[in-house]
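Notes for the one structure printed next.
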Amino acid sequence: MGENNTVTIPTEEYRNLLEIQVRANILKDYTTAENYSVSRGMIARILGFELNEGEED
């Protein structure tokens with residue numbers, strides 16, 4: 001872990017990875033704060049995608 005390795009990726013891919021990391025942290029915080037289960041619809045909204053019509057909880 002102490003090594004200083006560098007990985008080069010396109011800026012857009014880096015932004016996408018940061019976005020999903022932020023969304024995952026939001027989902028984690030939301031889930032730990034909930035007293036009951038988290039709906040599929042809420043998970044989809046937090047992660048930024050839509051469920052197919054009729055798939056909402």
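Starting from 1, each residue takes its place in the sequence as its number. Note that the structure is a prediction, hence the values are computed from the model and not measured. Both backbone and side-chain heavy atoms feed into the values below; hydrogens, waters and symmetry mates do not.
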So how far is it from I46 CD1 to N25 CG, rounded to the nearest 0.5 Å? 11.5 Å
Report the distance from atom CD of E50 to atom CZ of R45, rounding to the nearest 0.5 Å. 10.5 Å
I'd like to know if L27 and L18 are part of one continuous hydrophobic network [Ile/Leu/Val/Met/Phe/Trp/Tyr, side-chain heavy atoms within less than 4.5 Å]. no
Are Y30 and Y36 linked, directly or through intermediate hydrophobic residues, by side-chain heavy-atom contacts shorter than 4.5 Å (ILVMFWY only)? no
Do the side chains of I43 and T31 get nearer than 4.5 Å, heavy atoms only? no
Please round to the nearest 0.5 Å and tell me the distance separating atom CD1 of I9 and atom OG1 of T6. 12.0 Å
Compare all side-chain heavy atoms of I26 with those of L47 and state whether any distance is below 4.5 angstrom. no
Write out all pairs satisfying salt bridge (Lys or Arg N to Asp or Glu O under 4.0 Å) with one or both partners inside residues 18-32, taking only residues at least two apart or from two chains. E19-R23
